[in-house]
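Residue numbers start from 1 in every chain, and the chains themselves are labelled A, B, ... in the order their sequence lines are given, proteins ahead of strands.
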There are 2 protein chains.
Amino acid sequence: MIRIMIADDHQLFAEGLSQALNSLPDARVVGVVNSGPALEQALKTQPAEISIVDIEMPGGDGITTIDALGMRTRAIVVSMYASDEQKERAARAGARGFFSKAVPLTTLAAAVRAVADGKNLTELSDEERDQVLETYREAQLDPGAASLTAREREILQLLAIGVSATDELADRLYISQKTVKNHLASIFQKLAVSDRTQAAIEAIRLGIARPS
Amino acid sequence: MIRIMIADDHQLFAEGLSQALNSLPDARVVGVVNSGPALEQALKTQPAEISIVDIEMPGGDGITTIDALGMRTRAIVVSMYASDEQKERAARAGARGFFSKAVPLTTLAAAVRAVADGKNLTELSDEERDQVLETYREAQLDPGAASLTAREREILQLLAIGVSATDELADRLYISQKTVKNHLASIFQKLAVSDRTQAAIEAIRLGIARPS
DNA sequence: GAGTCATTGGGTCTTGCGACCCATCATCGG
DNA sequence: CCGATGATGGGTCGCAAGACCCAATGACTC
């Protein structure tokens, strides 16, 4: 699980990004602050592998903040108006990634994974960087969730939309109730849960099923 | 259910906001686009009560777009650098609300509800507007969910984080298993569900419990 | 061809769950 | 002061759910 801290003075952006990143199965936003100094403060009590920092913030811009953070966290800079000059400065200050706010969420998610894995995206050429990001596009699912079979996923999807009774599941899938229970048993084992309620919650959390 | 369309050229912002608004129990984002013309196009096939429009977009700014939208949707403008002059122009073009991207999500959520309910926030003084927003801070919960008691909510919150077994719930709340079952029975009735799995899903959907 | 695995299904057994009945006590509003 | 409601319990009953064994088939790999 990658722990993320977000620093951005535009609260709407910060909160939205927080929600979005939290929906990833392999990341968790542990803090949202709105200034550089607040980020330094927050990281003292709450460690985070990754910090996403807006470069345009009032009261000491993001650059000086990143410099001050040093080794405590790895910073990814996001900017409204991404310029090469900004990128240069961010890289020199120690940022591991630099992105415009115009990039899709999936790109930032890939960057978070790449940087958490030790990559420094600012050292790479644009082509190299895109190539690296490509390899990190897929979330590393929980070891359990990754090994779910197609049928098991199907059952989880139904579970997550409220089809919880064994007989209903059996009807929907045109199989016997016994088979449903067998599938559920393996799902429980793989997800390390003990009943279908917990399985449904896990399914929603892992993004296996869209929560309606 | 309030249907929302988001138009913003900063995709990271748009997607994040989409996730955040989707987590509200009474709203649903039905489309995310990155330009004014794309918004007009999208609204032709997918109706939405509310459109959240960035005023700073390349290729014809948000203002002209709002003008063109007319009666099809009610626009709420968000801006990076909120100025009085921008606010004026937005109001004249027909926007029903105007907010800086620095406002908290809860404020925008309240504004969405207020505008969907027919209010025009741009016509109000700052004090009046804040007063109106205050009355819309709470989501209008489902008729069933609204009548849940404090204790029932508490049980739902635990359910939604995976505390599903009766004895565990009883332990956490320091009450007998029988009382837990009694509370669950009334929850099922109020939410019109038939078991704790469906109740947990409803709880997550209604925003009664934060999905961890 | 042997082996692995997904999918289907069987049986049995214990426990948990949900439906239904009930009572007690405190709090709060009329 | 009294009725309503919420929170706490009790009991019973039938069925569902989950844990544990197992087997047959088909597909795919080595």
Side-chain angles (χ1 to χ4, degrees), chain A residues 138 140-209, chain B residues 138 141-206 208-209:
Chain A
E138 290 294 315
Q140 343 272 42
L141 288 181
D142 284 16
S147 63
L148 286 172
T149 69
R151 201 53 156 171
E152 287 161 359
R153 263 172 229 277
E154 214 170 332
I155 289 185
L156 269 177
Q157 282 162 11
L158 288 173
L159 250 197
I161 59 169
V163 184
S164 53
T166 305
D167 56 350
E168 279 188 45
L169 287 164
D171 284 354
R172 294 262 198 142
L173 298 170
Y174 303 106
I175 55 180
S176 81
Q177 297 193 19
K178 194 61 208 38
T179 305
V180 170
K181 294 175 89 172
N182 284 340
H183 285 311
L184 281 171
S186 15
I187 290 171
F188 296 162
Q189 223 180 352
K190 289 180 180 177
L191 295 185
V193 298
S194 51
D195 58 48
R196 53 191 79 189
T197 300
Q198 293 177 359
I201 295 167
E202 268 300 291
I204 293 173
R205 196 183 70 76
L206 291 172
I208 288 169
Chain B
E138 289 294 314
L141 292 177
D142 283 16
S147 62
L148 287 171
T149 69
R151 200 55 155 170
E152 286 162 0
R153 265 172 226 278
E154 215 170 333
I155 290 186
L156 269 177
Q157 282 164 10
L158 288 173
L159 249 197
I161 61 169
V163 184
S164 53
T166 306
D167 57 350
E168 280 188 45
L169 287 164
D171 284 353
R172 294 262 198 144
L173 298 170
Y174 304 107
I175 55 179
S176 81
Q177 297 193 20
K178 195 62 209 35
T179 306
V180 170
K181 295 175 87 172
N182 283 339
H183 284 310
L184 281 170
S186 11
I187 290 171
F188 296 162
Q189 222 180 352
K190 289 180 180 176
L191 295 185
V193 299
S194 51
D195 58 46
R196 52 191 82 190
T197 301
Q198 294 177 357
I201 296 166
E202 269 298 291
I204 293 172
R205 197 183 68 77
L206 292 171
I208 289 170

*Should A:Leu173 and A:Arg151 be marked as a side-chain contact (heavy atoms from CB on, under 4.5 Å) after you check the CA-CA gap, both sets of side-chain angles, and the distance that decides it?*
CA-CA 9 Å; A:Leu173 298 170; A:Arg151 201 53 156 171; 3.8 Å; yes
*asked:* Run the side-chain contact (heavy atoms from CB on, under 4.5 Å) test on A:Leu206 and A:Leu156 for me, step by step, so that the C-alpha distance in whole Å, both residues' side-chain angles and the decisive distance to 0.1 Å come before the verdict.
replied: CA-CA 11 Å; A:Leu206 291 172; A:Leu156 269 177; over 6 Å; no
Whole angstrom is fine here: how far is it from [atom1] in [X] over to [atom2] in [N]?
{"X": "A:Lys181", "N": "C:dC17", "atom1": "NZ", "atom2": "C1'", "result": "13 Å"}
{"X": "A:Tyr174", "N": "C:dT7", "atom1": "OH", "atom2": "C1'", "result": "18 Å"}
{"X": "B:Ile175", "N": "D:dG6", "atom1": "CD1", "atom2": "C1'", "result": "12 Å"}
{"X": "B:Glu152", "N": "D:dG6", "atom1": "CD", "atom2": "P", "result": "7 Å"}
{"X": "A:Arg196", "N": "C:dC17", "atom1": "CZ", "atom2": "P", "result": "12 Å"}
{"X": "B:Ile155", "N": "D:dG6", "atom1": "CD1", "atom2": "P", "result": "14 Å"}
{"X": "B:Asn182", "N": "C:dG16", "atom1": "CG", "atom2": "C1'", "result": "16 Å"}
{"X": "B:Glu168", "N": "C:dG16", "atom1": "CD", "atom2": "P", "result": "12 Å"}

*asked:* Does C:dT7 have its OP1 or OP2 closer than 4.0 Å to a side-chain nitrogen or oxygen of A:Thr149?
replied: yes
*Would you say a side-chain N or O of B:Thr179 is under 4.0 Å from OP1 or OP2 of D:dA7?*
no
Among [options], which nucleotide has an atom closest to any side-chain atom of [X]?
{"X": "B:Phe188", "options": "C:dA19, D:dT8, C:dG9", "result": "C:dA19"}
{"X": "B:His183", "options": "C:dG9, D:dT8, C:dA6", "result": "D:dT8"}
{"X": "B:Leu184", "options": "C:dG18, D:dG9, D:dA7", "result": "C:dG18"}
{"X": "B:Arg151", "options": "D:dA7, C:dG9, D:dG10", "result": "D:dA7"}
{"X": "B:Lys178", "options": "D:dG10, D:dA19, D:dT8", "result": "D:dG10"}
{"X": "B:Thr166", "options": "C:dC17, C:dT8, D:dG9", "result": "C:dC17"}

*Please confirm whether the backbone N or O of A:Leu159 pairs with a side-chain atom of A:Arg196, one donor and one acceptor, at under 3.5 Å?*
no
*Counting only N and O atoms by type, is there a donor-acceptor contact under 3.5 Å from the side chain of A:Glu152 to the main-chain atoms of A:Thr149?*
yes
_Just to be sure I understand the rule, does B:Ser176 reach a base, reach only the sugar-phosphate, or reach nothing, if contact means heavy atoms closer than 4.0 Å?_
sugar-phosphate
*Can you check side-chain hydrogen bond (donor to acceptor under 3.5 Å, both in side chains) on A:Gln198 and B:Ser164, steps first, answer last?*
CA-CA 7 Å; A:Gln198 293 177 359; B:Ser164 53; 3.3 Å; yes
*Rounded to whole angstrom, note down the P distance from D:dC13 over to C:dC13.*
22 Å
